[in-house]
Amino acid sequence: MDRIRIVGGNELNGTIPISGAKNAALPLMIASLLTNETLSLENVPHLADVEQLTRILGNHGVDYSVNGRREEQASIYARTVNFTAGNIVDTTAPYELVSKMRASFWVIGPLLARMGEARVSLPGGCAIGTRPVDLFIDGLKALGAEIEIEQGYVLARAPKGLVGNRYVFPKVSVGATHVLMMAASLAKGETVLENAAREPEVVNLADCLNAMGAKISGAGTPRIVIEGVASLSGATHRVIPDRIETGTYAMAVAMAGGDVLLEGARPDLLETALEVISRTGAEITPVNSGIRVRRNGSGILPVDVVTEPFPGFPTDLQAQFMGLMTMAKGQSKITETIFENRFMHVQELARLGARITLSGQTAIVDGVSQLKGAPVMATDLRASVSLVIAGLAAEGETIVNRVYHLDRGFERLEEKLSGCGATVERLSS
Ligand code: EPZ
C-alpha cells in the first residue's frame, strides 16, 4: 500500500494548478444515464473515485472514451471524457459497487426517470457517519415513485413515468438535490424543490442538464423549479474547478508560509472559507488566473469556525482547517454540524503533537508552537489531507499511511506540493 513521506519545514512558492471538482464530476457523469446521446465532460479530474464511477456506469451500459490522449497520458492533463448511455443494459446497482462509493447510489434518479425502474443497493454507513437515504426515498415518492426496501436494496418503480410535484427538503442534502433535479427533468409537469442545496456543484449539474435540454431555474438558491421534458439530448459541459482542493492548498500555504498562485481557482466558489483563511493571517488575492495566497513569517491566528451547507464554511474543509489551527497562536473552536463522526483526524493530529479536546460536536484546538513528524494513518479523504498539511509544518519526517484515501479526491497531490518546494514523495510498496 502506498504511503506519502513528508519532511516539514519548507515554505511553498510557485503555482499549483487546480483540478476539476470531484464532487461536480461525479453527478455530471451520472447525468449521462439520462440520455442515449453522448455527454462530453471537460476538465474531468483523474481520481480513483472517477475511475470507480466509470466502472459502475459501465455496468449499466455506459460507454466512455477519453478525447485526444492515450489513457496513460491522460492523467497528466485535464481530460475530456465522453459518456454514452446508448442502451441501459442493467437497472441494478449492486452492493459490491455501491458500498465502495456512496455517490453511486445517485444512479437511482436517472435510472428511474429514464427506465421506469431502478434497483439500487443501500450504501450502508461510512467512516464519517451513518448517512441515511431517507430524503432520496421521500423525494422520489413525492414524484410518484413506488419504493420498497428489500434485502438491502431500494426498489423504485414508476411504470407510467414520474410526475412533477412540490418537495420541501426537511434537511439540506447535496446528493438528494442532485437526484431529484435529475429525476424531475424527465417527469411530467413542474417540480418545485424547496430548501434545496445551494452548493456550486448543484449549479454545475443544473447548467449541464439545461445544456442537455432540461428546463431548470433557481439552482444556487433554496428554491429550484424544474419543468419536465420528454427527453434529453447530448451536450458538452465543463466541470467547475475544485473548491475543496483550492481551500486545501490555500490552507497549506497558510500553514507552511510562502507565496503560491492557485491557478484556475474561482474565488466565488469558496468565499466563506477564503475569508476565514485570511483571518488566520494569510493574504488572499483574487487575480485573473486564479487566487494568490501568501503568508510571511508572522504567525497563524486562531479563528473559530462552524461547518454549514453552502454558502457557509464547508465540512469538506473542516479537517484541513483543524490541521492549520494546530499551530495557531492561541485557542480555536471548530464545530462540525453536517456529519456526526467527522473528527477521526483528531487522534492522528495528536500523534504529531497537536493539542485537541473534543466536546460533543466541537473540537477545541490549543495551538502549539511546533508539531513533530510521526507515522500517521489516513482515515478518510479530507482527514488524510489534514495530516499532509500538518506534516508540511512539522519538524522532521511524517509518513501518511493508507494513501488510497487521498487518491480518491486529490489529483497528483505530491507533484503539486513538491513543485512548490515541499519535500513530499510517494513511497510505493
Ligand atoms: C456530498 O455528500 C459530498 N459528496 C460530500 O463530500 C460532502 O461532505 C457533503 O455533500 C456535504 O457537503 C459528493 O458530492 C460526492 P449530504 P452527500 O446529502 O450528498 C444527511 C468528500 O469528502 N442526509 O449533503 O452524501 C447526511 O447524513 C465528501 O468529498 C440525511 O439525513 O451529503 C448529512 O448529515 C464526503 N438523509 C447531511 O444530510 C439523506 O437522505 C448532508 O449530507 C441524505 C442526507
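What you see is a predicted model; the values in this text were computed from it and never measured. Remember, it's 1-based here, ligands and their atoms both numbered in the order they're listed.
Checked by distance only, ligand 1 and Val174 come closer than 3.5 Å through their nitrogen or oxygen atoms. Note: no N/O pair closer than 3.5 Å links Thr315 and ligand 1 by distance alone. No N or O atom of Ala103 sits closer than 3.5 Å to an N or O atom of ligand 1. Remark: ligand 1 and Pro132 share an N or O pair separated by less than 3.5 Å (distance only, no angle test).
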- Item | Stepwise salt bridge (Lys or Arg N to Asp or Glu O under 4.0 Å) test for Glu148 and Arg157 | CA-CA 9 Å; Glu148 288 165 64; Arg157 285 192 202 90; 3.4 Å; yes

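Of the options Arg342, His405, Arg382, Arg102, the smallest heavy-atom separation from atom 35 (C) of ligand 1 is shown by Arg342. Remark: among candidates Pro170, Ala21, Gly175, the nearest residue to atom 19 (O) of ligand 1 is Gly175, based on non-hydrogen atoms.
Contact check for Leu57 versus Val107: side-chain heavy atoms found under the 4.5 Å cut-off.
At a heavy-atom cutoff of 4.0 Å, ligand 1 is contacted by the side chain of Asp316 but not by its backbone. Contacts between Glu201 and ligand 1, counted as non-hydrogen atom pairs separated by less than 4.0 Å, are absent for every part of the residue. Contacts between Lys22 and ligand 1, counted as non-hydrogen atom pairs separated by less than 4.0 Å, involve the side chain only.
Those atoms of ligand 1 with a heavy atom of Ile338 less than 4.0 angstrom away are 33 (C), 34 (O), 41 (C). Below 4.0 Å from some heavy atom of Phe136 lie the following atoms of ligand 1, by number and element: 40 (O), 43 (C). With ligand atoms numbered from 1 in the order given, ligand 1 contributes 13 (C), 14 (O), 15 (C), 19 (O) to contacts under 4.0 Å with heavy atoms of Trp106.
The aromatic rings of Trp106 and His178 are tilted relative to each other, their planes meeting at an angle between 30° and 60°.
Looking only at atom types and distance, the side chain of Ser65 has a donor-acceptor partner in the side chain of Asn82 under 3.5 Å away.
Remark: Arg402 CZ is loosely packed, at most 12 non-hydrogen atoms of other residues, nucleotides or ligands lying under 6.0 Å away. The number of heavy atoms from other shown groups lying within 6.0 Å of CZ (Arg279) is above 12.
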